[in-house]
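Take a look at the structure below.
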There are 2 protein chains.
Amino acid sequence: MGTTKSEGFSEEVNELASLFKAMGHPARIAIIQFLRTQEKCICTDLVNELPLAQPTISQHLKELKNAGIIQGSVSGTSICYCLNLEKISALDAFLASLKYDQNPTCC
Amino acid sequence: MGTTKSEGFSEEVNELASLFKAMGHPARIAIIQFLRTQEKCICTDLVNELPLAQPTISQHLKELKNAGIIQGSVSGTSICYCLNLEKISALDAFLASLKYDQNPTCC
DNA sequence: TTATAATATCGTAATATTGCAATATAACAA
DNA sequence: TTGTTATATTGCAATATTACGATATTATAA
């Protein structure tokens, strides 16, 4: 136990869950919000922006990257991280569908 | 350590993170998807639907409820759980805003 | 009242996550 | 080369999450 049980759930459900999970941390939401405002997104800026140590931020960036929510391209000594709109759209589509399919007679 | 650091992040960031976190589990996504299709949403149905034991499902329902993503109203021996569209919309709005604010020159 | 059915809570073992200091790596500058 | 700057990795202690059996609770049925 302690492990999340993924067998018995559809691929789609597991994929959505892991994307939401990747966004389920304030540091990672803050990173995403920051990326949105930046032309060039360098990790040093984040170290100055977030109340966390550099290794911790690096770890959060890695999780977002593993989930496919951000993409990073090396650019000399620094790295340009950007949002991957495909994944964002997948989550957005799921949430939007919930709004429209809602049974109005329930609760 | 081990605790998520929430000081130093805005209220909004913390709230979004905790909503995403609540959705970051396959069982909880499956619950949400199931609720969407049901007129009456009773936990017993979920027990037959999900590959998890009843106490585990009850626990996941509680987490969704604590996050405000679902609402439950007692109805005799059973409970009618429903989606709270307000929270769903908050997440949806956040994701939608990411799509539109994206800097096209980045990456 | 007693039984039954639906759901919640408790306790606990297994595992995962978080945060950071220390250290490594990699690219560029002097 | 040596230094410097930006980022990643490692190792680890503290805490959180997950799953479930056992048990409690609560509402109705008999």
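Keep in mind it's a predicted model, so treat the numbers as computed, not measured. Side-chain atoms are counted along with the backbone in the values below, which use heavy atoms only and exclude waters and symmetry mates. Residue numbers begin at 1 in each chain, while the letters A, B, ... track the order of the sequences.
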- Please figure out whether Gly2(B) or Pro55(B) has its closest DNA chain D nucleotide nearer the 5' end. Gly2(B)
- Query: Are the side chain of Asn14(A) and the backbone of Ser6(A) linked by a donor-acceptor contact shorter than 3.5 Å?
  - Reply: yes
- Message: How many whole angstroms separate atom CG of Leu50(B) from atom P of dT18(D)?
- Response: 14 Å
- Can you tell which of dT18(C), dA19(D), dA8(D) lies closest to the side chain of Leu61(A)? dA8(D)
- 5'-most by nearest nucleotide on DNA chain D - Lys5(A) or Ser58(A): Ser58(A)
- Message: Taking only side-chain N and O atoms of His60(B), does any of them lie within less than 4.0 angstrom of OP1 or OP2 on dT17(D)?
- Response: no
- In whole angstrom, what separates Leu52(A)'s CG from dT17(C)'s P? 17 Å
- Atom-pair distance (NE2 on His25(A); C1' on dT15(D)), nearest Å: 12 Å
- Does dA8(C) have OP1 or OP2 sitting under 4.0 Å from an N or O in the side chain of Lys62(B)? no
- Item | Chi angles and distances behind the side-chain contact (heavy atoms from CB on, under 4.5 Å) call for Lys62(B), Asn66(B) | CA-CA 6 Å; Lys62(B) 192 179 179 183; Asn66(B) 286 343; 4.0 Å; yes
- Quick one: label Thr44(A) by what it contacts on the DNA or RNA (base, sugar-phosphate, nothing), any heavy atom closer than 4.0 Å. sugar-phosphate
- Query: Heavy atoms under 4.0 Å, any strand shown: does Thr56(B) hit a base, just sugar-phosphate, or nothing?
  - Reply: base
- Item | Spacing of Leu64(B) atom CG relative to dT17(D) atom C1', expressed in whole Å | 14 Å
- Message: Nearest whole Å is fine: how far is dA27(C) P from Ile79(A) CD1?
- Response: 10 Å
- Message: Return whichever of Lys21(B) or Thr3(A) has its heavy-atom-nearest nucleotide of DNA chain C closer to the 5' end.
- Response: Thr3(A)
- Item | Rounded distance in Å - CG (Asn48(B)) to P (dA5(C)) | 14 Å
- When you check the gap from the basic side-chain N to the acidic O, do Lys87(A) and Glu15(A) get nearer than 4.0 Å? yes
- Could you tell me the separation between the CD1 atom of Ile57(A) and the C1' atom of dA6(D), rounded to a whole number of Å? 13 Å
- Message: Please check this pair: side chain of Ser58(A) against backbone of Gln54(A), looking for a donor-acceptor N/O pair closer than 3.5 Å.
- Response: no
- Within this structure, what is the CD-to-C1' distance between Gln59(A) and dT9(D), rounded to whole angstrom? 10 Å
- Query: What's the spacing between Ile31(B) CD1 and Glu49(B) CD if we round to 0.5 Å?
  - Reply: 11.0 Å
- Message: Below the 4.0 Å mark, does dA6(C) have OP1 or OP2 next to a side-chain nitrogen or oxygen of Tyr81(B)?
- Response: no
- Item | Quiz item: Gln54(B) side-chain donor-acceptor pair to dA6(C) base, under 3.5 Å | no
- Query: So, is Arg28(A) close to the dT18(C) phosphate, meaning a side-chain N or O under 4.0 Å from OP1 or OP2?
  - Reply: yes
